[in-house]
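Report on the structure given below.
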There are 2 protein chains.
Amino acid sequence: MQAIGAVAKRTGLKVPTIRFYEQEGLIDAPGRTDSGRRLYADADVRRLSFIRHARTLGFELDDIRSLLDLTDHPERSCADADRIARVHLAEIEQRLVQLSALKTELTRIVKSCAGGKAAQCRVIEALADHVHCEADHAPVKPVKRATQSRRAPPAKRRRS
Amino acid sequence: MQAIGAVAKRTGLKVPTIRFYEQEGLIDAPGRTDSGRRLYADADVRRLSFIRHARTLGFELDDIRSLLDLTDHPERSCADADRIARVHLAEIEQRLVQLSALKTELTRIVKSCAGGKAAQCRVIEALADHVHCEADHAPVKPVKRATQSRRAPPAKRRRS
DNA sequence: GCTACATGCTCTAGTCACTAGAGGATCAAG
DNA sequence: CTTGATCCTCTAGTGACTAGAGCATGTAGC
């Protein structure tokens with residue numbers, strides 16, 4: 001039995017995230033100490049690791065819910081799990097194609113900048129005229145973020 | 001001068017999105033008819049198209065704000081625009097690498113499913129044991145969604 | 001002029017998967 | 001006994017919209 005902080009360290013999740021998953025019903029409410037602190041068993045840790053790994057792979061919580069449902073009922077067919085994974089893979093592949101197209105256009109745009117004033121800026125011009133690109137970059141699906149991106153803190157709004 | 005619906009059609013944006021951009025200060029509040037309907041000039045349409053294109057390329061609204069600021073001040077150096085585009089390009093490239101890794105692992109996982117019961121399901125097993133993958137897929141940055149993904153409507157929550 | 005129906009308006013709340021912070025209680029070590 | 005880490009609950013914020021309520025206005029055909 002371990003406290004939430006220890007579980008966070010073992011799973012790589014953050015403490016509030018674990019509480020959030022409990023609130024979302026992805027894990028059962030764990031037992032508590034007399035003073036009300038959560039106590040987790042190894043099975044809970046495994047379940048949380050499962051969730052974490054699936055999130056790292058970009059699965060949505062709803063998908064993970066279904067996947068967890070299957071692990072709870074091992075006698076069921078795994079067709080659902082397979083379907084979920086295949087759909088997700090297809091989405092990733094589509095997204096890769098779109099991102100490649102984006103990269104191509106953005107590379108072209110960036111290369112064209114020779115410095116100077118904004119009035120002659122090719123970057124801005126290219127952004128303004130969609131005409132220049134051959135409609136090769138379609139609007140793109142939102143992508144489920146994965147766990148723990150510990151990069152730039154949210155930039156404060158700057159106004160002109 | 002055109003109504004918001006016509007502008008939506010010309011730019012490919014949705015009507016509420018245009019109002020949202022106005023609220024966010026990305027475009028000036030347009031003139032109104034006597035009855036209070038918005039009326040847009042061609043310059044507004046160009047500005048909205050600029051925003052749309054930049055969003056399609058995955059720029060965040062804050063970046064777009066800076067870019068628009070430059071178009072409003074053509075005498076300034078375009079270094080900012082160049083920097084923003086380069087940073088964004090780097091992010092896209094990083095994301096591509098990560099997505100490729102994800103695709104690799106997910107492909108491996110999906111291929112291993114031979115049907116049958118969940119108890120033996122390789123998909124679920126692979127999801128449970130991060131050990132199987134060589135930590136080749138790092139957690140991934142959230143990705144700015146692009147405009148107008150007209151795919152699956154928000155699935156209603158299903159609980160087991 | 002009348003009737004539909006489309007289009008417009010404002011305002012509020014919901015989405016997703018967390019994250020941040022307030023304000024307080026409890027725990028372990030020295 | 002004090003200090004500092006950890007824990008608790010609760011609320012609100014993030015980004016970029018989207019959905020819906022409830023109402024006003026515009027337009028086309030009769």
Side-chain angles (χ1 to χ4, degrees), chain A residues 1-9 12-26 29-40 48 51-52 54-65 139-157, chain B residues 1-9 12-26 29-40 48 51-52 54-65 139-157:
Chain A
M1 288 300 192
Q2 39 214 311
I4 198 168
V7 175
K9 263 176 204 131
L13 293 165
K14 288 185 188 164
V15 168
T17 304
I18 296 172
R19 287 195 280 248
F20 171 75
Y21 287 161
E22 176 187 336
Q23 182 184 304
E24 287 293 296
L26 291 171
R32 301 270 185 147
T33 66
D34 288 350
S35 65
R37 297 185 169 206
R38 291 171 177 82
L39 277 185
Y40 296 89
L48 284 166
I51 298 172
R52 155 105 152 128
R55 281 296 296 137
T56 305
L57 287 168
F59 286 93
E60 293 174 18
L61 291 194
D62 255 9
D63 284 339
I64 296 175
R65 226 182 288 277
V140 141
K141 249 200 107 174
V143 165
K144 319 90 205 261
R145 62 166 307 196
T147 30
Q148 263 81 19
S149 69
R150 50 191 88 253
R151 242 169 294 284
K156 287 302 154 222
R157 167 141 307 163
Chain B
M1 287 301 191
Q2 39 215 312
I4 197 168
V7 175
K9 261 177 205 129
L13 294 165
K14 288 186 189 163
V15 168
T17 304
I18 295 174
R19 287 195 280 247
F20 171 75
Y21 287 160
E22 176 187 335
Q23 181 185 305
E24 287 294 296
L26 291 171
R32 302 269 185 146
T33 66
D34 289 349
S35 64
R37 299 189 168 204
R38 291 171 177 81
L39 277 184
Y40 296 89
L48 284 166
I51 297 171
R52 155 106 153 126
R55 282 295 295 137
T56 304
L57 287 168
F59 286 93
E60 293 174 19
L61 292 194
D62 256 7
D63 285 339
I64 295 175
R65 226 182 288 276
V140 140
K141 249 199 110 174
V143 165
K144 317 92 206 262
R145 62 166 307 194
T147 29
Q148 263 80 21
S149 70
R150 49 191 90 254
R151 242 169 294 283
K156 289 302 156 222
R157 165 141 311 162

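Side chains included, hydrogens not; waters and symmetry mates left out as well; all remaining heavy atoms used. Within every chain, numbering begins at 1; the chains are lettered A, B, ... in the order of the sequence lines, protein sequences first and strands thereafter.
Here the straight-line distance linking atom NZ of A/K14 with atom CZ of A/R19 works out to 13.0 Å at 0.5 Å rounding. Atoms CG and CG, from A/L26 and A/D62 in turn, are 9.0 Å apart once rounded to the nearest 0.5 Å. A distance of 10.0 Å separates CG in A/D63 from CZ in A/R55, rounded to the nearest 0.5 Å.
Computed from coordinates, the A/L61 CG to C/dA17 P distance equals 4 Å when rounded to whole Å. Whole-Å rounding puts the B/I4 CD1 to D/dG26 P distance at 15 Å. As rounded to whole Å, 12 Å separates atom P of C/dC18 from atom CD of A/Q23. Rounded to whole Å, atom C1' of D/dT25 lies 13 Å from atom CG of B/L39. Atom C1' of nucleotide C/dA20 and atom CZ of A/R19 are separated by 12 Å, given to the nearest angstrom. Counting to the nearest Å, the P atom of C/dC16 and the CZ atom of A/F20 are 10 Å from each other. For the pair B/I18 CD1 and C/dG8 P, the computed distance is 9 Å after rounding to whole Å. Atoms CD (B/E60) and P (D/dC17) sit 11 Å apart, rounded to a whole Å.
A donor-acceptor distance shorter than 3.5 angstrom exists from the side chain of B/R65 to the backbone of B/E24, with no hydrogens or angles considered.
Contact annotation for A/R38: backbone-only contact, meaning every heavy-atom pair under 4.0 Å involves sugar-phosphate atoms and none involves a base.
Partners of A/R38 by salt bridge (charged side-chain N to carboxylate O under 4.0 Å, His left out), not counting sequence neighbours, listed by chain and number: A/E22.
Under the 4.5 Å side-chain criterion, counting only non-hydrogen atoms from C-beta, B/L61 is in contact with B/Y21.
Comparing C/dA20, D/dC17, D/dC7 against the side chain of A/K14 picks out C/dA20 as the nearest. Here C/dT19 is the nucleotide among D/dT6, C/dT19, D/dC17 with the atom lying nearest to any side-chain atom of A/P16. Distances from the side chain of B/Y21 to the nucleotides C/dG8, C/dA17, D/dC17 place D/dC17 closest.
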Any N/O pairs under 3.5 Å between the protein and nucleotides 27-30 of chain C? List them or say none.
unit_1, atom_1, unit_2, atom_2, d
C/dC27, OP1, A/S35, OG, 2.9

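Considering every non-hydrogen atom in both B/L48 and B/I18, the closest pair reads CD1-CG2, 4.0 Å. A/L39 and A/P30 get closest at one heavy-atom pair: O-CB, 3.4 Å.
The terminal axes of the helix from C/dG1-D/dC30 to C/dG30-D/dC1, fitted over 5 pairs per end, subtend an angle of 0° to the nearest 10°.
At D/dT25, none of the side-chain N or O atoms of B/R32 fall inside 4.0 Å of OP1 or OP2 (strictly under the cut-off). The side chain of A/T17 places an N or O atom within less than 4.0 Å of a non-bridging phosphate oxygen (OP1 or OP2) of C/dT19.
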